[in-house]
K.L.:
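Starting off with a structure, shown below.
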Amino acid sequence: VSLLQVGWYNAVLQPAFHLPYPDDTLAFVVLSTPAMFDKALKPFVNKERLKIIRDPVDQCVSHHLSRVKEKFPDQRVDVMFDYEMLPSRKPKFLAQTAAHVAGAAYYYQRKDVKLDPWGKKKIFGVCIHPKYGGWFAIRALLLFPDIQVPFLEQPAPVDCVSSEEKRIELLEQFNFHWQDSRYRDIIEVKERYSEEQKAYFATPPAERFRLLGLSQEAQ
């Protein structure tokens, strides 16, 4: 987790995307690291094997964050998940922006390239973590509406893809060749997904149950 003030997030976005909390409200961005697959997902699936599982990863994350909420019985804790949408079809929060302003991972975007080679093509940005490169995911935002932290100092994310050439390579690979995962290794990483985990995420969602040994009934 990385902590932030809601105001840091709202300051860099259009009002339509603002979180409806005072600026000095405490929040945490929750990332999953490569170890999540073995340490959290597989034990969760084993335990829940006979229950209805719709999306193993989302339900696993939800399960663990509900346990976090239980640790704070006297506090209001709001949780927003990366996959949740508002009725307007906008995401509840912009995960990569939240990770960037919290200093968790650097959000590389088209505007970070001075000599833009893409013309009218749409180019999506991507977060890179200084330790895991692209081998991680942003899962949720935890908000503590009754805790104000006006004294919090904002950390800068680590700019680990600092050359123009590398940034172009990163955005090219992410936008046009994301399936081969090369963009995830744009820097030297300390840890990456296991072969089993790579196979899992490369498999279409409907076929992942078979990989986890879940029966048709569990689906």
K.L.:
Within the structure provided, determine whether Ile128 and Ile186 are in side-chain contact (heavy-atom separation under 4.5 Å).
P.N.:
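Contact flag for Ile128/Ile186 side chains = yes.
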
K.L.:
Is any side-chain heavy atom of Lys47 closer than 4.5 Å to one of His63?
P.N.:
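With C-beta onward as the side chain, the pair touches.
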
K.L.:
Just checking Phe124 against Phe174, ring centres under 6.0 Å apart?
P.N.:
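No, ring centres 6.0 Å or more apart.
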
K.L.:
Compile the donor-acceptor pairs under 3.5 Å between side chains in residues 12-21 and protein atoms, sequence neighbours left out, one pair per line.
P.N.:
| residue | atom | partner | partner atom | Å |
| --- | --- | --- | --- | --- |
| His18 | NE2 | Asn10 | O | 2.8 |
| His18 | NE2 | Leu13 | O | 2.9 |
| Tyr21 | OH | Asp78 | OD2 | 2.7 |

K.L.:
Flag the pair Cys127 / Ile138 as yes when at least one side-chain heavy-atom distance between them is below 4.5 Å, and no otherwise.
P.N.:
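Side chain of Cys127 against side chain of Ile138, heavy atoms only: contact under 4.5 Å found.
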
K.L.:
Between Glu164 and Arg167, is there a side-chain N and carboxylate O pair less than 4.0 Å apart?
P.N.:
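No.
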
K.L.:
Taking CD in Glu188 as the centre, count heavy atoms belonging to other residues, nucleotides or ligands within less than 6.0 Å. Is the count above 12?
P.N.:
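Count not over threshold, so no.
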
K.L.:
Can you tell me how far CZ of Arg139 sits from SG of Cys60, rounded to the nearest 0.5 angstrom?
P.N.:
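Going from SG on Cys60 over to CZ on Arg139, the span is 8.5 Å.
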
K.L.:
Can you list everything that forms a ring pair (Phe, Tyr, Trp, His ring centres under 6.0 Å) with Tyr108? Sequence neighbours excluded, please.
P.N.:
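So Tyr108 forms a ring pair (Phe, Tyr, Trp, His ring centres under 6.0 Å) with Tyr106.
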
K.L.:
If you draw a 6.0 Å radius around NZ in Lys42, do more than 12 non-hydrogen atoms from other residues or ligands fall strictly inside?
P.N.:
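Yes, enclosed.
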
K.L.:
Once you round to the nearest 0.5 Å, how far does CD1 of Ile168 lie from CZ of Arg110?
P.N.:
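The CZ atom of Arg110 is 11.0 Å from CD1 of Ile168, to the nearest 0.5 Å.
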
K.L.:
When you look at Glu172 and Lys121, which way does the salt bridge (Lys or Arg N to Asp or Glu O under 4.0 Å) test go after all the steps?
P.N.:
CA-CA 11 Å; Glu172 287 270 334; Lys121 287 180 185 165; over 6 Å; no

K.L.:
With side chain to side chain contact (heavy atoms under 4.5 Å, CB included) as the criterion, how do Val68 and Phe28 come out once you've worked through the C-alpha distance, each side chain's angles and the decisive distance to 0.1 Å?
P.N.:
CA-CA 12 Å; Val68 170; Phe28 291 86; over 6 Å; no

K.L.:
Drop me the distance from Leu171's CG to Asp116's CG, to the nearest 0.5 angstrom.
P.N.:
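Between atom CG of Leu171 and atom CG of Asp116 there are 9.0 Å.
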
K.L.:
Check step by step if side chain to side chain contact (heavy atoms under 4.5 Å, CB included) holds for Val189 and Lys131.
P.N.:
CA-CA 6 Å; Val189 298; Lys131 181 177 176 185; over 6 Å; no

K.L.:
Are the side chains of Met85 and Lys92 in contact, using a 4.5 Å heavy-atom criterion?
P.N.:
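Heavy-atom side-chain distance check fails, nothing below 4.5 Å.
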
K.L.:
If Ile, Leu, Val, Met, Phe, Trp and Tyr residues are connected whenever their side-chain heavy atoms lie under 4.5 Å apart, and connections chain through other members, are Tyr83 and Leu141 in the same group?
P.N.:
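As far as the 4.5 Å side-chain criterion goes, Leu141 and Tyr83 are connected within one cluster.
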
K.L.:
For Glu195, which residues count as a salt bridge (charged side-chain N to carboxylate O under 4.0 Å, His left out) partner, sequence neighbours excluded?
P.N.:
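Testing Glu195 for salt bridge (charged side-chain N to carboxylate O under 4.0 Å, His left out), a comparison that skips the adjacent residues, returns Lys198.
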
K.L.:
Are Gln5 and Gln148 close enough that some pair of their side-chain heavy atoms sits under 4.5 Å apart?
P.N.:
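Counting from C-beta outward, Gln5 and Gln148 never come under 4.5 Å.
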
K.L.:
So does Trp118 have more than 12 non-hydrogen atoms from other groups sitting under 6.0 Å from CH2?
P.N.:
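More than 12 within 6.0 Å, yes.
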
K.L.:
Looking at every heavy atom in both Trp135 and Ser181, which two are closest together, and how far apart are they?
P.N.:
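Closest heavy-atom pair between Trp135 and Ser181: CH2-CB, 3.9 Å.
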
K.L.:
At their closest point, which heavy atom of Ala102 faces which heavy atom of Val29, and how far apart are they?
P.N.:
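Closest pair (atom of Ala102, atom of Val29, distance): CB-CG2, 4.0 Å.
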
K.L.:
Looking at every heavy atom in both Asp58 and Asp55, which two are closest together, and how far apart are they?
P.N.:
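Asp58 and Asp55 have their closest heavy atoms at N-OD1, 3.0 Å.
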
K.L.:
When rounded to the nearest 0.5 angstrom, what is the spacing between CD in Gln75 and CZ in Phe144?
P.N.:
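It comes to 7.0 Å.
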
K.L.:
Which heavy-atom pair separates Phe81 from Glu84 by the least distance, and what is that distance?
P.N.:
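The pair with the smallest heavy-atom distance is N-OE1, 2.8 Å.
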
K.L.:
To the nearest 0.5 angstrom, please state how far the CE atom of Met80 sits from the CG atom of Leu86.
P.N.:
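The distance works out to 8.0 Å.
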
K.L.:
Pick from Phe201, Tyr132, Phe37: which one makes a ring pair (Phe, Tyr, Trp, His ring centres under 6.0 Å) with Tyr193?
P.N.:
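Exactly one candidate clears the test, Phe201.
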
K.L.:
Looking at Tyr200, I'd like to know if the NZ or CZ of Arg208 sits under 6.0 Å from its six-membered ring centre while staying within 45 degrees of the ring's axis.
P.N.:
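Yes, a cation-pi geometry.
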
K.L.:
Any side-chain heavy atom of Tyr9 sitting closer than 4.5 Å to one from Phe93?
P.N.:
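Yes; the side chains approach each other to less than 4.5 Å.
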
K.L.:
Please step through side chain to side chain contact (heavy atoms under 4.5 Å, CB included) for the pair Gln173 and Arg184, ending with a clear verdict.
P.N.:
CA-CA 9 Å; Gln173 288 180 359; Arg184 299 179 191 270; over 6 Å; no

K.L.:
Considering all heavy atoms of both residues, which atom of Phe44 and which atom of Pro56 are nearest to each other, and what is their separation?
P.N.:
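Of all heavy-atom pairs spanning Phe44 and Pro56, the closest is CE2-O, 3.9 Å.
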
K.L.:
Would a 4.5 Å heavy-atom cut-off, applied to side chains only, mark Tyr107 and Gln109 as touching?
P.N.:
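Yes, at least one pair of side-chain atoms sits under 4.5 Å.
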
K.L.:
Are the side chains of Leu143 and Leu26 in touch, meaning some heavy atoms are under 4.5 Å apart?
P.N.:
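Side-chain contact under 4.5 Å: no.
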
K.L.:
For residues Arg192 and Pro34, report the shortest heavy-atom separation together with the two atoms involved.
P.N.:
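Heavy atoms only, the tightest pair is O-CB, 3.6 Å.
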
K.L.:
Rounded to the nearest 0.5 Å, how far apart are NZ of Lys39 and OG of Ser32?
P.N.:
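The NZ atom of Lys39 sits 13.0 Å away from the OG atom of Ser32.
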
K.L.:
Give the cluster check for Val158 versus Phe136: same hydrophobic cluster or not, with ILVMFWY residues linked at side-chain heavy-atom distances below 4.5 Å.
P.N.:
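No, separate clusters.
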
K.L.:
Leu4 and side chain to side chain contact (heavy atoms under 4.5 Å, CB included): which partner among Val149, Leu152, Val101?
P.N.:
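Between Leu4 and the candidates, side chain to side chain contact (heavy atoms under 4.5 Å, CB included) is satisfied uniquely by Val101.
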
